[in-house]
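Report on the structure given below.
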Amino acid sequence: MPISMHEISEWYGEVVERAGLAEHSPVRGCMTIKPYGWALWENIQRPLDEAFKATGHQNAYFPLFIPLSFLAKEAQHVEGFAQECAVVTHYRIQTDSISKTVAPDPEAQLEEPLVVRPTSETIIWHAFKNWIHSYRDLPLLINQWANVVRWEKRPRLFLRTAEFLWQEGHTAHATAEEAMAEARQMLEIYADFVQRYLAIPVVKGRKTPTERFAGAVETFTIETLLIDGKALQAGTSHFLGQNFAKAFDVQFLNKENQLEYVWATSWGVSTRLIGATILSHGDEKGLVLPPYVAPIQIVVIPIWRNEEERTSVVEQAFTLAKALQQKGIRVKVDDDPQHRPGWKFNEWELRGVPIRVALGPRDLEAQTVELAWRHTGEKTTHPQDDLVRQAQSWLERIQVALYERAKARIDKQTYRVDSYPEMKEILESKGGFVLAHWDGTSETELAIKEETGATIRCIPLEAPLEEGTCVYTGRPSTQRVLFAKAY
RNA sequence: CGAGGCGUAGCGCAGCCCGGUAGCGCACCUGCUUUGGGAGCAGGGGGUCAGCGGUUCAAAUCCGCUCGCCUCGACCA
C-alpha cells in the first residue's frame, strides 16, 4: 500500500484510468464513465433500487432544469448551493461560417435563467404541491435516479465531480415522527448496503449544524475512513422538517379537516461510492473489488503452447465458465490470443477481479485449476469440481474478509484522544478518525477546523454517553464526536 | 481563487539551457516464432511541437500574451 497521501492521490487517478473505470472529459470536472465503471455502478444501483422499492418507494423522474427563482424559495438552501450552480441563459447559438465560430445568440436569451439541478428538492416540491391534498395522499415516497451538477472548484474522479450520478429520495409525511422515522430508516438502508455490498465499514451519525445539509433540520450521515486516513461522507439522509413544505406551500387536510404543512425527508448516495470502494480496498496492484459488486467475479485464463492445446484448454475454460454462470456467478473467459498469461494476470489484478482461475495443459491432465485470490495474492490448486461447487461460498468468504480487513484498518486508524496537542499531532502526522469530547458549540468546531483542518464528521449514533471535557475549551461534554480531515 | 509543476504521435517522455533534418519507449498495422507472472525478431503507419503574436536567414528551442491540465491549499450537502 502506498504510504503518503500524495502518493495515494496519484495512485488513485492512475488506477481509475488504467482499470478502465473512467477518464477525464474535455470539460473540467466531468468524467466519462467507461463500460467497466458503468457495470460497477449498475451493480451498486440494483440492490439499492430493490431496497428502496421493498420499503415502499417508487421511482419517478424530474427535470434537469430548475427555474432560478425556485432555488431562492428556501433561504438556507439557496445559500448552500449558490456558489456552485451552473446556469443556462440561452436557447440558441449563432454560427459564423466565415470565422467558423459559434456563440450564444444574444437574441435568444431566456427570460428566466435555468439552473442545472444541484439537487432536486425545489423542483420536486413544486410538483408535490399538486400531488398532495389530503392525508390520504401521504406518505408520498419518491426516488429518482439522475445526474446533478455542482461546479466544484477541485474535482476528483468519482469522489467529487462537477457532474455526478446519484439517487435522491424525496418523501412527504403527515407527522414529524413519521418523517424522522423515514430519515432514520434510509440511513440504515445505506449503512447496510455500504457495509454488506461494498464491504466498507461506516459510522452512522448526525451532522453538526455547521455541516448540515442546506435546508435540513437534521442531517444523518454514514462516514467512512479511506486508506489515506481521510474521511468520506458515503451517504446522507435528511429530516427537512416543514422547511420545503412552507417554501412551496404544500399543505394537506388531516382527518379533522384542518390544513397542515407536510413533513419531509430527502436522502442520497452517488457515484462517490465507487471512489469509496477503490480507496477502501485497493492495493499497490490496483483495484480490489468486493465480489457482490464486481462486474467480473471470476476470470478464467486459458493457457496453451500450441493450437491443439489451445482448442482443448479454451473449450474446457468455457465449460467451467458456463457451469459457474449457471450458479449465478459473473464470469469471463479471457482467451484473447493477443496477450500472454502473465499480461492477463497483471491486467485482471489491476481491474480487481476477486478470483482468477488459470487453466493450462497441466490442469487439463490433472482435472485441476490454479486459483489466485486477489485480496491476498495467495495461489492454490483445486480440483475443477471444487471450483464449481464452492465458488459461490468462496466469493461470500472474500466479501466478508474484505469487510473485516477494512474494519481492522479503520479501528487501527481511530484514536480516542483527550488532549488537544495530541489531537493536532495525530491529524497532522497520520490522519484518521479522532474521537474526542466537544463542547457542542459551532465556535469551537470552527476554531478546531481552522487550526487542524479537521471537521466534525458526525456525532455518532451508537456511541455510549460519557462524561468528559471538551478537548479544545475544557467545558463539559457528554459524548465523544468524530473528527477527521475529509474529502 | 492562491502556490507549485506541466503542455512535443493514442499514452508516457527526451530534445529547449547553447535556434539549423522532430526523436525514444509503450500502444497500433504486417509477417514469423512464442504463450504457467506484463514475449522476441524484422518491417511499417502515425506530429498544426497547446494557441496567438514577436525576434531571426531560420523557432519545439529565445521573448510576450492567452488557453488548458495535474498536485497541494482555500471552498465544498
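Hydrogens, waters and symmetry mates are skipped; everything else that's a heavy atom, side chains included, is used. Naming: A, B, ... by sequence-line order, numbering from 1 per chain.
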If we take the C1' atom in both G12(B) and A3(B), what is their distance in whole Å? 26 Å

Taking U8(B) as the reference, what is the distance to G68(B) when you measure between their C1' atoms (whole Å, please)? 15 Å

Under the 6.0 Å and 45° cation-pi test, does Arg272(A) pair with Phe164(A)? no

Is atom CD of Glu365(A) surrounded by more than 12 heavy atoms (other residues, nucleotides or ligands) closer than 6.0 Å? no

Taking CZ from Arg28(A) and P from U71(B), how many angstroms apart are they, rounded to a whole number? 9 Å

Judged by nearest nucleotide, the residue sitting upstream toward the 5' end of RNA chain B, Lys344(A) or Lys207(A), is Lys344(A)

If you look at every strand shown and take non-hydrogen atoms under 4.0 Å, does Glu370(A) touch a base, only sugar-phosphate, or nothing? base

Could you give the CD-to-C1' distance, from Glu308(A) to U35(B), as a whole number of Å? 16 Å

Salt bridge (charged side-chain N to carboxylate O under 4.0 Å, His left out) against Lys285(A), all qualifying residues, sequence neighbours excluded: Glu349(A)

Parallel, tilted or perpendicular, as decided by the 30° and 60° cut-offs, for the rings of Trp373(A) and His382(A): perpendicular

Which one, C72(B), G38(B), C76(B), comes nearest to the side chain of Ser9(A)? C72(B)

Just call it for Arg356(A): base, sugar-phosphate, or nothing, with non-hydrogen atoms closer than 4.0 Å on any strand. base

Considering every strand and a 4.0 Å limit on heavy-atom distances, what is the contact class for Phe164(A): base, sugar-phosphate, or nothing? base

Distance between the C1' atoms of C52(B) and C57(B), in whole angstroms? 23 Å

Check the distance between G40(B)'s P and Trp343(A)'s CH2 and give it to me in whole angstrom. 15 Å

Can you tell me how far P in G19(B) sits from the matching atom in G15(B), rounded to whole Å? 15 Å

By nearest heavy atom, map Gly29(A) and Glu211(A) onto RNA chain B; which one lands nearer the 5' end? Gly29(A)

Arg160(A) has an atom CZ; how far is it from atom P of C72(B), in whole Å? 11 Å

C26(B) and G38(B): how far apart are their P atoms, nearest whole angstrom? 15 Å

Length of the CD-P vector between Glu10(A) and C70(B), whole Å: 13 Å

Interface polar pairs with nucleotides 32-34 of chain B, N/O, under 3.5 angstrom:
from	atom 1	to	atom 2	distance (Å)
U34(B)	O2'	Arg340(A)	NH1	3.4

Please confirm whether the ring centroid of His77(A) lies under 6.0 Å from the ring centroid of Trp125(A). no

Ile301(A) CD1 - G38(B) C1' separation (whole Å): 12 Å

Report yes or no: is the cationic atom of Arg351(A) (NZ for Lys, CZ for Arg) under 6.0 Å from the centre of the six-membered ring of Tyr36(A), at an angle within 45° of the ring normal? yes

Compare side-chain N and O positions of His24(A) against OP1 and OP2 of C70(B) and report whether any pair is under 4.0 Å apart. yes

Among the nucleotides A74(B), C76(B), U35(B), which one has an atom lying closest to any side-chain atom of Glu152(A)? C76(B)

Checking Lys230(A) against Tyr487(A): charged group under 6.0 Å from the ring centre and within 45 degrees of the axis? yes

Does a distance-only test, which skips hydrogens and angles, find a donor-acceptor pair under 3.5 Å between the side chain of Arg18(A) and the base of G38(B)? yes

Heavy atoms from other residues, nucleotides or ligands near CD of Gln83(A) exceed 12 (cutoff 6.0 Å): no

Is the CD atom of Glu79(A) crowded by more than 12 outside heavy atoms at less than 6.0 Å? no

Regarding Gln83(A), tell me which of base, sugar-phosphate or nothing describes its non-hydrogen contacts under 4.0 Å with the strands shown. nothing

Residue matched to A27(B) through Watson-Crick or wobble contacts both under 3.5 angstrom: none

Taking any strand in view, what nucleotide pairs with C76(B) in a Watson-Crick or G-U wobble way, both distances under 3.5 Å? none

How many Å lie between CG on Asp335(A) and C1' on U35(B), as a whole number? 13 Å

Give, for atom OG1 of Thr32(A) and atom CH2 of Trp38(A), the distance between the pair rounded to the nearest 0.5 Å. 12.0 Å

Regarding the side chain of Ala358(A), the nearest nucleotide among G37(B), A74(B), G36(B) is G36(B)

For G54(B) and U48(B), measure between their P atoms and round to the nearest Å. 22 Å

Value in whole Å for how far the P atom of G2(B) lies from CZ of Arg154(A): 15 Å

Complementary nucleotide for A9(B) - Watson-Crick or wobble, under 3.5 Å: none

Could you tell me which nucleotide pairs with U71(B) by Watson-Crick or G-U wobble geometry, both distances under 3.5 Å, or answer none if nothing does? A3(B)

Base, sugar-phosphate alone, or nothing: which one does Trp166(A) contact when heavy atoms must sit under 4.0 Å apart? base

To the closest 0.5 Å, what do you measure between CG (Leu359(A)) and CD1 (Ile301(A))? 10.5 Å

With a 3.5 angstrom cut-off on both distances, give the Watson-Crick or G-U wobble partner of A39(B), or none if there isn't one. U33(B)

Base paired to C18(B) (Watson-Crick or G-U; both N/O distances under 3.5 angstrom): none

Give none if U55(B) has no partner; otherwise give the nucleotide forming a Watson-Crick or G-U wobble pair with it, both distances under 3.5 Å. none

Any residue in residues 240-247 of chain A with a heavy atom nearer than 4.0 angstrom to RNA chain B? Just list them by number, or reply none. none

Candidate nucleotides C75(B), G36(B), G37(B), ranked by approach to the side chain of Lys449(A) - the nearest: C75(B)

Using Watson-Crick or G-U wobble geometry with both distances under 3.5 Å, which nucleotide pairs with A60(B)? none

If you measure from the C1' atom in C6(B) to the same atom in C13(B), how many Å do you get, rounded? 12 Å

Expressed as a whole number of Å, how far does the P atom of G10(B) sit from that of C28(B)? 15 Å

Considering only U71(B), A74(B), G38(B), which nucleotide approaches the side chain of Arg156(A) most closely? U71(B)

Looking across every strand, which nucleic acid part, if any, lies under 4.0 Å from Asn306(A) by heavy atom: base, sugar-phosphate, or nothing? nothing

Centroid-centroid under 6.0 Å between Phe70(A) and His126(A) rings: yes

Select one nucleotide: of C75(B), G38(B), G37(B), the one nearest the side-chain heavy atoms of Lys379(A). G37(B)

Are Trp145(A) and Trp166(A) near enough that their ring centres are under 6.0 Å apart? no

